[in-house]
Number of protein chains: 2
Amino acid sequence: MTATFAELWNGIAPIGRARNGGYLRYALDEPELVLRDWFRNQAARRDMPVTDDGNGNLFAWWGDQWGHDAVLTGSHFDSVPHGGGFDGPLGIVSAFLAIDEMRRQGRVPRRPIAVVAFVEEEGGRFGVPCLGSRLLSGAIEPEQAAALTDREGITFGEALGGTPAGRLPGLTGRINALVELHIEQGRALEVPVGVASAIWPHGRWRFDFTGIGDHAGTTSMTDRRDPMLTFAYTVLAANKEARLAGATATMARVEVEPNATNAIPSLVRAWLDARAAETGTLDGLVDAVIKRAHDRAGRDGTEVAVTPESYSAEVTFEKPLATRIASLLGDVPILPTGAGHDAGVLSAHVPTAMLFVRNPTGISHSPAEHAEEEDCVAGIGALARVLGDLT
Amino acid sequence: MTATFAELWNGIAPIGRARNGGYLRYALDEPELVLRDWFRNQAARRDMPVTDDGNGNLFAWWGDQWGHDAVLTGSHFDSVPHGGGFDGPLGIVSAFLAIDEMRRQGRVPRRPIAVVAFVEEEGGRFGVPCLGSRLLSGAIEPEQAAALTDREGITFGEALGGTPAGRLPGLTGRINALVELHIEQGRALEVPVGVASAIWPHGRWRFDFTGIGDHAGTTSMTDRRDPMLTFAYTVLAANKEARLAGATATMARVEVEPNATNAIPSLVRAWLDARAAETGTLDGLVDAVIKRAHDRAGRDGTEVAVTPESYSAEVTFEKPLATRIASLLGDVPILPTGAGHDAGVLSAHVPTAMLFVRNPTGISHSPAEHAEEEDCVAGIGALARVLGDLT
């Protein structure tokens, strides 16, 4: 079979799409389960048997399954709430089409190739990003992952149907390399395809601001212990500290109890997403935000508790591999990114590389995320060349 | 029958109570429907026929139904999310028990008495507080009320089972007076029972802060148009302006799209609750907050749209009635409140008065809301005396 990019892309575009054009594709929830069926179907059409690693990650094989020295390529299906359709799925669609291209050229790889769909890359459902690759590589304990809950109290273990299998035995020997193709998420790439150099260290911290719930109409301003004030100050402080540090800090998710117009909250829970080029800068930024939150809480009569929820150390992709790929593709740019990826998690264990496809506006995690079809087709061609070179 | 306060109170205490002790009693939703059944049951035990005004308000009659010159007493069942159990239900329970007390004393009222349960007083489900009394008195159009939606998109008309009937014809002649007993919600009442003098003018304004949704990790601080910043600044500005004005301003309800840790929001929607002793002060406060929100939006590259959702003009309860009641009860205090009530809405049309029962901490709209049993019993005695005097 020889499918075109448009055929495959249009086939998955309606799955989990909301009225605003954004996607609601959460790990192991209905639309993502439909996409996993689509994955199995695409694999079957290409005579590629599918295996599951017991962690929720899927692998479609061209060649020996988990023998030795496999080259993996793929990405993830899940989205952030109302995210774009490219972040993740483009890497899986491109992987299948790159294999089609290699077969059309009559290539017979010396190493097994697997198309991979990692589970819960965004952390949008269970809170920990790159959960599938963390499990596969042993960066999180299976029991700890199993106990993670979504907003409705369903655990990852329940959604998966059991405790995850955890680290793949013999991981390093079994995987020769992982190449993840992904839409670029900044504005730095001005040609169709580029190669990743590094991922900034980044993490998530949960802030629980607690005060005293009371009536908004009858409680004088001086009698209040309103945690919304402490939260608001922390949002602005995080913004200022990130600008000073040349880093990024974002507080974009908030839960308020009771979240009623006429009731001073008893709890405001919010998450800080912080990233920087250097680990020292990141740590200093987070410390400064936490200190300012505590200072303000003292003035508001509220309390703050901060819980680190995930931390991803700085990733530098293997430089010889990145250089070789960039050269192979005609000296395309090599650039860093602030976004976390499964390839970043696995880079601690196996050689990994990433191909970026141009994003004209740089917008991502939004319904407005977009890549031009001709750039996507260029990305598939580039991935086929890289896989050919690696196998 | 002669029930005690504890018997009736313990009978309704478990209905709609959450694990934190707060109540989830929303208008025309399951627990409130159970309380409405309880109302019909209590009325039946007292041989009091129940009528419905077609707006969702219930009336249990001792004497002629809607003939002429009735004295109404009661309050509401609905709560704010995780609110206390006293705000509303205390007035209904006390009304039934005050009638028991009058009958025990062998009183035969010359005027009809009705115990009333107003619908959607908090505005917790459909957004407009005192919706039942506004409909009854013609302060809101039935079609407008019917179209109000809850957070799940269900309209008030759907929940009610049709378009509300609207203003009661001949309202003024049919109602001689309304006396609403309510738990005090500030810290100003230091004896068991007091009488209301006035309700501060107050209202709700919806702020839609819009920006550009984007990736939290790959969008530089200078490229952002993050509406969370504009919201946070507005929260702090409202607090400062209210303190300067000697008024109250609260932003306690927030909805974020997409509300994901790693996605800069495209929309932050928040509600301002503002109240002041004087209309001019209130208007000046709200204008100042709106101006500061717009100023900040200009700096953040975001936009703000402000929609007034409800406005309650200053209410001064009929002074001769308040004075007479305070005197009758032994010169109890007469005090104003920042909280809105159905009695305030109806005060534009019929003589109304309110009895307040002491609240030791002043906390309300919170699971910690509380009144002592002996103060509640004192309130019932006071209400019985007032009803006896008025009928």
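Just so you know, these numbers use all the heavy atoms, side chains as well, and skip hydrogens, waters and symmetry mates. Just so it is clear: chains get the letters A, B, ... in the order the sequence lines come, proteins before strands, and each one is counted from 1.
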What residue, out of B:Ala249, B:Ser220, B:Gly22, has the most heavy-atom pairs lying under 4.5 Å from chain A? B:Ala249

Picking from B:Asp273, B:Thr250, B:Asn259, B:Leu236, which has the most non-hydrogen pairs under 4.5 angstrom with chain A? B:Asn259

Quick one: does NZ or CZ of A:Arg151 land under 6.0 Å from the six-membered ring centre of A:Tyr26, within 45 degrees of the ring axis? no

Would you say that B:Phe209 contacts B:Thr234 through its side chain, given a criterion of any heavy-atom pair below 4.5 Å between the two side chains? yes

Segment of B:Arg206 engaging chain A (4.5 angstrom heavy-atom cut-off): neither

Max heavy-atom pairs within cutoff under 4.5 Å with chain A, candidates B:Arg224, B:Glu369, B:Met251, goes to B:Arg224

Contact part of A:Ala339 toward chain B, heavy-atom cut-off under 4.5 Å: side chain, backbone, both or neither? both

Aromatic ring pairing B:Phe356/B:His341, orientation class (parallel under 30°, perpendicular over 60°, tilted between): tilted

Using non-hydrogen atoms and a 4.5 Å limit, figure out which bit of B:Arg125 sits close to chain A: side chain, backbone, both or neither. neither

Which of parallel (below 30°), tilted (30 to 60°) and perpendicular (above 60°) describes B:Trp205 and B:Tyr311? perpendicular

Report which part of A:Val235 has an atom under 4.5 Å of a heavy atom belonging to chain B: side chain, backbone, both, or neither. both

Hey, which of A:Gly186, A:Ala252, A:Gly340, A:Pro265 has the most heavy atom pairs under 4.5 Å with chain B? A:Ala252

Chain B heavy atoms under 4.5 Å from A:Ile212: which part of the residue, side chain, backbone, both or neither? side chain

Report which part of B:Val254 has an atom under 4.5 Å of a heavy atom belonging to chain A: side chain, backbone, both, or neither. both

Please examine the side chains of A:Asn359 and A:Leu189, heavy atoms only from C-beta on, and report whether any two atoms are closer than 4.5 Å. no

Would you say the side chain of A:Asp208 lies within less than 4.5 Å of the side chain of A:Leu267, judging by non-hydrogen atoms? yes

Could you tell me whether the side chains of A:Ser312 and A:Arg134 share a donor-acceptor contact shorter than 3.5 Å? yes

Side chain, backbone, both or neither of B:Ala247 within contact of chain A (heavy atoms, under 4.5 Å): backbone

Quick one: do B:Asp87 and B:Arg25 make a salt bridge, cutoff under 4.0 Å? no

Greatest number of non-hydrogen atom pairs under 4.5 angstrom with chain B, of A:Asn239, A:Val256, A:Ile199, falls to A:Asn239

Close side-chain approach of A:His365 and B:Ile264, heavy atoms under 4.5 Å: no

Chain B contacts, top residue of A:Gly217, A:Gly338, A:Gly83, A:Gly127 (heavy-atom pairs, under 4.5 Å): A:Gly217

Measure B:Ala216 against the heavy atoms of chain A and call it side chain, backbone, both or neither at under 4.5 Å. both

Which answer fits B:Asn20, side chain, backbone, both or neither, if we ask what part of it has an atom under 4.5 Å from a heavy atom of chain A? neither

Using non-hydrogen atoms and a 4.5 Å limit, figure out which bit of B:Glu122 sits close to chain A: side chain, backbone, both or neither. both

Could you tell me whether the side chain of B:Asn262 reaches within less than 4.5 Å of the side chain of A:Arg275, counting heavy atoms only? yes

Against the six-membered ring of B:Trp271, is B:Arg253 placed for a cation-pi contact (under 6.0 Å from the centre, within 45° of the normal)? yes

Checking B:Ser266 against chain A: side chain, backbone, both or neither under 4.5 Å from a heavy atom? neither

Pick from B:His82, B:Glu257, B:Arg187 with the largest number of heavy-atom pairs that fall under 4.5 Å of chain A: B:Arg187

Counting heavy-atom pairs under 4.5 Å with chain A, the top scorer among B:Thr219, B:Asp223, B:Leu24 is B:Asp223

Is there side-chain contact between A:Thr248 and B:Met221, with at least one heavy-atom pair below 4.5 Å? yes

